*Asks:* 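A single structure is presented below for examination.
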Amino acid sequence: CTFDGNFLHPEPVMSAMFTHQMKNGKRISYIFPRCHIAGDIMIPFDEKEYTAYDITFEALADTTAPEGRRLFHVVKES
């Protein structure tokens with residue numbers, strides 16, 4: 001949560017998946033069922049051209065998941 005002097009604002013929680021193609025052509029995915037963006041981010045959605053932004057996500061524990069899979073899990077293409 002963040003506090004702006006008057007109100008307590010909860011951080012938006014989302015899920016994220018990062019997929020990487022390995023040298024052998026197969027993919028590996030890291031799945032974060034609960035995370036939020038670390039720090040402030042301002043993305044101007046009216047941009048006319050593609051622009052990349054550095055965004056850092058922080059994983060949040062999912063207490064409903066089994067132990068060992070609370071922050072993330074990995075899926076490898078076989």
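What you see is a predicted model; the values in this text were computed from it and never measured. Values reported hereafter were calculated over all heavy atoms of this structure, with side chains retained and with hydrogens, waters and symmetry mates removed.
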*Asks:* For residues 26-36, which side-chain N or O atoms pair as donor and acceptor with protein atoms under 3.5 Å away, sequence neighbours left out?
*Replies:*
| residue | atom | partner | partner atom | Å |
| --- | --- | --- | --- | --- |
| Ser29 | OG | Thr19 | OG1 | 2.9 |
| Arg34 | NH1 | Ala61 | O | 3.0 |
| His36 | NE2 | Glu58 | OE1 | 3.3 |

*Asks:* Please lay out, stage by stage, how Leu60 and Val13 fare under the test side-chain contact (heavy atoms from CB on, under 4.5 Å).
*Replies:* CA-CA 9 Å; Leu60 303 170; Val13 176; 3.9 Å; yes

*Asks:* Kindly work out whether a path of hydrophobic side-chain contacts (I/L/V/M/F/W/Y, heavy atoms less than 4.5 Å apart) joins Met22 to Val74.
*Replies:*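 Yes, Met22 connects to Val74 through the hydrophobic network.
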
*Asks:* Any chance CE of Met17 has more than 12 other-residue heavy atoms, nucleotides or ligands included, within less than 6.0 Å?
*Replies:*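 For Met17, atom CE is not crowded (no more than 12 foreign heavy atoms under 6.0 Å).
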
*Asks:* Looking at Gly25 and Gln21, what are the two nearest heavy atoms and their distance?
*Replies:*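 Nearest heavy atoms, Gly25 then Gln21: O-NE2, 3.3 Å.
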
